[in-house]
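Since we're looking at a predicted model, the values are computed, not measured. Chain letters run A, B, ... following the sequence lines, proteins first, then strands; residues in each count from 1.
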Number of protein chains: 2
Amino acid sequence: MALLFQSLDDVTRLRILALLLEEEDLCVCYLVAVLQLPQSTVSRQLGVLKSAGWLKDRREGVWIHYSINRSLGAIQQFLVPVLRTFLLGTETARGDLERLKNLPREGGAVLPGTR
Amino acid sequence: MALLFQSLDDVTRLRILALLLEEEDLCVCYLVAVLQLPQSTVSRQLGVLKSAGWLKDRREGVWIHYSINRSLGAIQQFLVPVLRTFLLGTETARGDLERLKNLPREGGAVLPGTR
DNA sequence: GGACTATATCCGTAAAAATGGATATAGTCA
DNA sequence: TGACTATATCCATTTTTACGGATATAGTCC
């Protein structure tokens, strides 16, 4: 159980969760663009969230899309509403979502080379 | 918010919370005896939980009693039922509570020198 | 005051996590 | 096949956290 909370004790991971609670399905390149962090950092934290059971990934061509795992563990199911309520009000989450909204897109993907 | 989860990502701290969710009001010496950890470790983690807002303390003579803070923050209030539900079933919590039950007592205090 | 007890804090060390550039992997397109 | 892109993983370094013995603080009792 400590491990579960540990997966939530990092600002970057919470930012990712907040985004995926609102947007369902984002590819890594989006997240890199929105979070404005090095790709290796983002990928690593995505890996942590995935192995904690929060996220699942799905490859689509070159892109890998992450989304909230639909079959969360019992504790996580309790935590989702808490996260939704208290995370999305954050200034950080607000900024991230705003930045997401303004990303240059093409269909469902970030324009290649835009990063 | 990451800070709040951070206060829950340590096994010792969760053990302490589990005990105080069941027992309301325990002095440090009890906790040291039950957790079977060095006193400095227990005091340190109590300090973390206290400064995270989970606990409050009250001096009573030589003893300092800790208990769950009655005026928890909003997020914490949501988390308490989660902790109660998923923590108390644990094998660790079971063992700790059992050990607590079997401590030699006198009135409300551990027998002096028993530690 | 002095001996004793409970607790907090200090401090040097060890363990764990995060960081980010570099490299590896794997898919796409020509 | 080769060039290119997205992503994961590696690795050396830094930052954070935990640890626990030792010491300091503070209350109690004689």
Nearest-angstrom distance from the residue atom [atom1] of [X] to [atom2] of [N]:
X: Trp63(A); N: dT5(D); atom1: CH2; atom2: C1'; value: 9 Å
X: Ile64(B); N: dA26(D); atom1: CD1; atom2: C1'; value: 9 Å
X: Leu55(A); N: dA8(D); atom1: CG; atom2: P; value: 11 Å
X: Asp10(B); N: dA17(C); atom1: CG; atom2: P; value: 11 Å
X: His65(A); N: dA6(D); atom1: NE2; atom2: P; value: 12 Å
X: Gln6(A); N: dA18(C); atom1: CD; atom2: C1'; value: 11 Å
X: Glu60(B); N: dA26(D); atom1: CD; atom2: C1'; value: 16 Å
X: Leu14(A); N: dA17(C); atom1: CG; atom2: P; value: 16 Å

According to salt bridge (Lys or Arg N to Asp or Glu O under 4.0 Å), who are the partners of Asp10(B), at least two apart in sequence or on a separate chain?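 Result, salt bridge (Lys or Arg N to Asp or Glu O under 4.0 Å) vs Asp10(B): none returned.
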
State which residues pass salt bridge (Lys or Arg N to Asp or Glu O under 4.0 Å) with Arg94(B); sequence neighbours excluded, sorted by chain then number.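 For Arg94(B), no residue satisfies salt bridge (Lys or Arg N to Asp or Glu O under 4.0 Å) once neighbours in sequence are set aside.
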
Hey, can you tell me if Phe86(A) and Phe78(B) have their rings parallel, tilted or perpendicular (30° and 60° cut-offs)?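 Phe86(A) vs Phe78(B) ring planes: perpendicular.
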
Axis deviation across the helix from dG1(C)-dC30(D) to dA30(C)-dT1(D), five-pair ends, to the nearest 10°: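 About 20°, once rounded to a multiple of 10°.
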
Any side-chain N or O of Tyr66(B) less than 4.0 Å from the OP1 or OP2 oxygen of dA6(C)?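 Answer is no, no contact under 4.0 Å.
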
4.5 Å side-chain heavy-atom contact, Leu37(A) and Leu31(A):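 Leu37(A) vs Leu31(A): side chains apart.
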
Using the side chain to side chain donor-acceptor pair (under 3.5 Å) criterion, which residues pair with Thr12(A)? Sequence neighbours excluded.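 For Thr12(A), no residue satisfies side chain to side chain donor-acceptor pair (under 3.5 Å) once neighbours in sequence are set aside.
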
Picking from [options], which would you name as closest to the side chain of [X]?
X: Ser43(A); options: dA8(D), dC19(D), dA18(C); value: dA8(D)
X: Gln45(B); options: dA8(D), dA6(C), dA18(D); value: dA18(D)
X: Arg59(A); options: dG27(C), dA8(D), dT9(C); value: dG27(C)

For Thr92(B), give me all partners under side-chain contact (heavy atoms from CB on, under 4.5 Å), at least two apart in sequence or on another chain.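 Partners of Thr92(B) by the side-chain contact (heavy atoms from CB on, under 4.5 Å) criterion, ordered by chain and then number, come out as Arg15(B), Thr90(B), Asp96(B).
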
Between Arg13(A) and Leu8(A), is there a donor-acceptor pair closer than 3.5 Å when you use the side chain of the first and the backbone of the second?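 Answer holds: no.
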
Do the side chain of Gln77(B) and the main chain of Leu72(B) share a donor and acceptor less than 3.5 angstrom apart?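 Such a contact is found between Gln77(B) side chain and Leu72(B) backbone.
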
Which protein N or O atoms sit under 3.5 Å from an N or O of nucleotides 20-25 of chain D?
| unit_1 | atom_1 | unit_2 | atom_2 | d |
| --- | --- | --- | --- | --- |
| dG20(D) | OP2 | Thr41(B) | OG1 | 3.0 |
| dG20(D) | N7 | Ser40(B) | OG | 3.3 |
| dG20(D) | N7 | Arg44(B) | NH2 | 3.2 |
| dG21(D) | N7 | Ser40(B) | OG | 3.4 |
| dG21(D) | O6 | Ser40(B) | OG | 3.3 |

Tell me which of Val62(A) and Val48(A) sits closer to the 5' end of DNA chain C, going by the nucleotide each one is nearest to.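 Its nucleotide being nearer the 5' end, the pick is Val48(A).
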
Gln39(B) and Ser43(B): side-chain hydrogen bond (donor to acceptor under 3.5 Å, both in side chains), yes or no, with the steps? CA-CA 6 Å; Gln39(B) 177 262 320; Ser43(B) 274; 3.1 Å; yes

